[in-house]
2 protein chains.
Amino acid sequence: MSDQKVLSGQKRPGGRSARVREAVRQATLAELAEHGYGGLTVENVAARSGVHKTTVYRRWGGVEGLIADALELAREEPWPVPDTGSLRGDLRALAVLVQSSFPDAIASAFVAAAMQNEAAARALRAFYEARHRQAAQIVRRAVDRGEVGPGVDAEELVRLAVAPVFARLFVTREPVTREDAIRAADAALAAALAGVLG
Amino acid sequence: MSDQKVLSGQKRPGGRSARVREAVRQATLAELAEHGYGGLTVENVAARSGVHKTTVYRRWGGVEGLIADALELAREEPWPVPDTGSLRGDLRALAVLVQSSFPDAIASAFVAAAMQNEAAARALRAFYEARHRQAAQIVRRAVDRGEVGPGVDAEELVRLAVAPVFARLFVTREPVTREDAIRAADAALAAALAGVLG
DNA sequence: GCACTAACGCAACTGGAGTTGCCTTTGAGC
DNA sequence: GCTCAAAGGCAACTCCAGTTGCGTTAGTGC
């Protein structure tokens with residue numbers, strides 16, 4: 001069914017195929033932003049991109065593949081890792097970044113997609129792995145400054161700082177304020193200083 | 001479209017209507033357990049329950065209504081609030097409970113459903129509000145024992161203890177071990193003892 | 001126990017997502 | 001610049017979720 005191998009191992013990466021892929025990727029993101037994951041259909045993506053729907057079905061295999069491909073695109077994009085000069089400030093900025101960027105329909109569409117199909121789940125996991133790895137430099141800088149001991153698990157601290165925001169946004173569905181995000185970051189820092197993270 | 005008012009304000013709660021509702025509720029849970037949210041269709045629920053699909057569409061309005069109704073049912077069910085004798089033990093038990101119960105397809109189906117439609121999201125939020133309120137007694141008991149100060153935000157501490165588990169399970173899609181859950185609980189406790197939660 | 005109507009069952013219909021067979025275009029290799 | 005196969009376009013089809021109009025059943029109230 002799904003033949004996503006084709007997406008990475010193009011036999012003809014040069015001309016039309018590349019253009020088609022780009023058009024479909026952009027159309028997918030636009031559709032996600034407008035209608036969310038539930039409203040994402042191959043037909044709409046095909047119409048918006050100017051690519052025939054048969055082609056989309058053949059190369060992406062359906063909605064699943066579109067999401068996975070768009071996620072791959074998103075992962076490659078750079079993002080600003082906070083650098084405020086202090087660990088507390090960085091963690092707070094990170095948590096607030098997550099809190100404020102997720103009303104964005106695209107981001108939550110990705111999470112919704114991952115709940116429904118395995119390909120999207122794998123892609124999302126890879127996405128966050130990359131993010132966590134990058135965000136860990138916040139902690140490494142703090143270690144260099146002597147703010148925390150070198151034994152602390154950097155990525156774990158990052159996860160801990162943003163986890164409450166994620167849980168509220170996606171699981172318990174509570175509204176999340178900027179203050180909630182800051183408190184989550186502070187709690188994570190307190191736990192790290194208490195030695196819970198190694 | 002959706003006419004869920006009918007579900008609570010039955011004109012004929014006595015006989016057939018009640019039986020139909022119960023049959024559909026059970027069928028919905030069974031279908032969710034087997035096929036998850038993505039595989040939940042009105043037709044299958046109708047077939048399994050022995051109720052005609054037209055009836056299901058009219059009373060529940062579609063998949064959305066089925067989910068919301070099933071969630072209401074789940075909320076009413078009692079669950080065992082941990083009571084190990086210490087706050088640390090209770091929080092750990094709580095986090096492990098969440099970690100171990102969520103490979104359960106029904107639970108994650110609810111979360112998936114909430115991502116896609118507003119009715120399910122409202123129902124899920126009410127569900128977790130009830131759970132958090134009940135779990136808060138863990139903290140109140142600890143206050144009585146003098147383990148933490150009376151100023152600590154009880155529900156917030158509960159949320160903090162389970163949030164990393166939720167985030168891993170549903171957002172970043174990482175595998176979650178029992179040790180991860182325990183560490184999350186310990187981190188929340190450390191934050192509370194450090195005075196971050198009020 | 002009788003009438004009345006809310007609620008359920010039924011079958012036929014609608015619409016759109018996904019599939020298939022065939023033809024046309026395009027770019028890679030020589 | 002010519003050839004050839006991979007990739008895209010097209011139209012017609014299937015299939016199934018969701019809808020509608022109408023007939024049937026069974027609680028409720030008297």
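Within every chain, numbering begins at 1; the chains are lettered A, B, ... in the order of the sequence lines, protein sequences first and strands thereafter.
Take A:R25 and apply the side-chain hydrogen bond (donor to acceptor under 3.5 Å, both in side chains) test, not counting sequence neighbours, and it matches A:D69. Partners of B:T55 under the side-chain hydrogen bond (donor to acceptor under 3.5 Å, both in side chains) rule, at least two apart in sequence or in another chain, do not exist in this structure. By the salt bridge (Lys or Arg N to Asp or Glu O under 4.0 Å) test, B:R48 is found to be paired with B:E31, B:E34, residues two or more places apart in sequence or in another chain being considered. In this structure B:A126 satisfies the side-chain contact (heavy atoms from CB on, under 4.5 Å) test together with B:R75, sequence neighbours excluded. For A:D153, there are no salt bridge (Lys or Arg N to Asp or Glu O under 4.0 Å) partners, not counting sequence neighbours.
Judged by distance alone, with hydrogens and angles left aside, B:R58 brings a side-chain donor or acceptor within reach of the base of C:dG9, the pair sitting under 3.5 Å.
Side-chain atoms of A:E147 come within 3.5 Å of backbone N or O of A:L87 as a donor-acceptor pair. Looking only at distances, a side-chain donor or acceptor of B:R173 sits under 3.5 Å from a matching main-chain atom of A:A114.
The side chain of B:R59 contributes no N or O atom lying less than 4.0 Å from OP1 or OP2 of C:dA7. Note on A:T55: a side-chain N or O is less than 4.0 Å away from OP1 or OP2 of D:dG9. B:R19 has no side-chain polar atom (N or O) that falls below the 4.0 Å cut-off from OP1 or OP2 of C:dA7.
Looking at A:W60 and A:R21, their side chains come closer than 4.5 Å, going by heavy atoms from C-beta outward.
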Contact list (N/O, under 3.5 angstrom) for nucleotides 23-25 of chain C vs protein:
from: C:dT25; atom 1: O2; to: A:R16; atom 2: NH2; distance (Å): 3.3

Please produce a list of atom pairs where a protein N or O lies less than 3.5 Å from an N or O of nucleotides 14-17 of chain C.
from: C:dA17; atom 1: OP2; to: A:E43; atom 2: OE1; distance (Å): 3.0

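Comparing the helix axis at one end of the helix from C:dG1-D:dC30 to C:dC30-D:dG1 with that at the other, each defined from 5 consecutive pairs, gives an inter-axis angle of 40° (nearest 10°).
Remark: B:R178 CZ is loosely packed, at most 12 non-hydrogen atoms of other residues, nucleotides or ligands lying under 6.0 Å away.
What separates CG of B:L66 from C1' of D:dG18 is a distance of 13 Å, to the nearest Å.
Both B:V20 and A:T54 lie close to DNA chain C; mapped to their nearest nucleotides by heavy-atom distance, the more 5′-ward contact belongs to B:V20.
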Side chains of residues 78-86 of chain B: which donor-acceptor pairs under 3.5 Å do they make with residues two or more places apart or in other chains?
from: B:W79; atom 1: NE1; to: B:Q134; atom 2: OE1; distance (Å): 3.4
from: B:T84; atom 1: OG1; to: B:S86; atom 2: O; distance (Å): 3.3
from: B:T84; atom 1: OG1; to: B:D90; atom 2: N; distance (Å): 3.2
from: B:T84; atom 1: OG1; to: B:D90; atom 2: OD1; distance (Å): 2.8
from: B:S86; atom 1: OG; to: B:G89; atom 2: N; distance (Å): 2.9

Atom pairs and distances, donor-acceptor, side-chain atoms in residues 162-172 of chain A, under 3.5 Å, two or more places apart:
from: A:R168; atom 1: NH1; to: B:E156; atom 2: OE2; distance (Å): 3.3
from: A:R168; atom 1: NH2; to: B:E156; atom 2: OE1; distance (Å): 3.0
from: A:T172; atom 1: OG1; to: A:E174; atom 2: OE1; distance (Å): 2.6

Please tabulate, for side-chain N and O atoms in residues 187-198 of chain B, each donor-acceptor pair with protein atoms closer than 3.5 Å (sequence neighbours left out).
none

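Ion pairing between B:D186 and B:R183 fails under the 4.0 Å rule for side-chain N and carboxylate O.
For the segment residues 45-52 of chain B, residues with any heavy atom less than 4.0 angstrom from an atom of DNA chain C are, sorted by number, B:G50, B:V51, B:H52.
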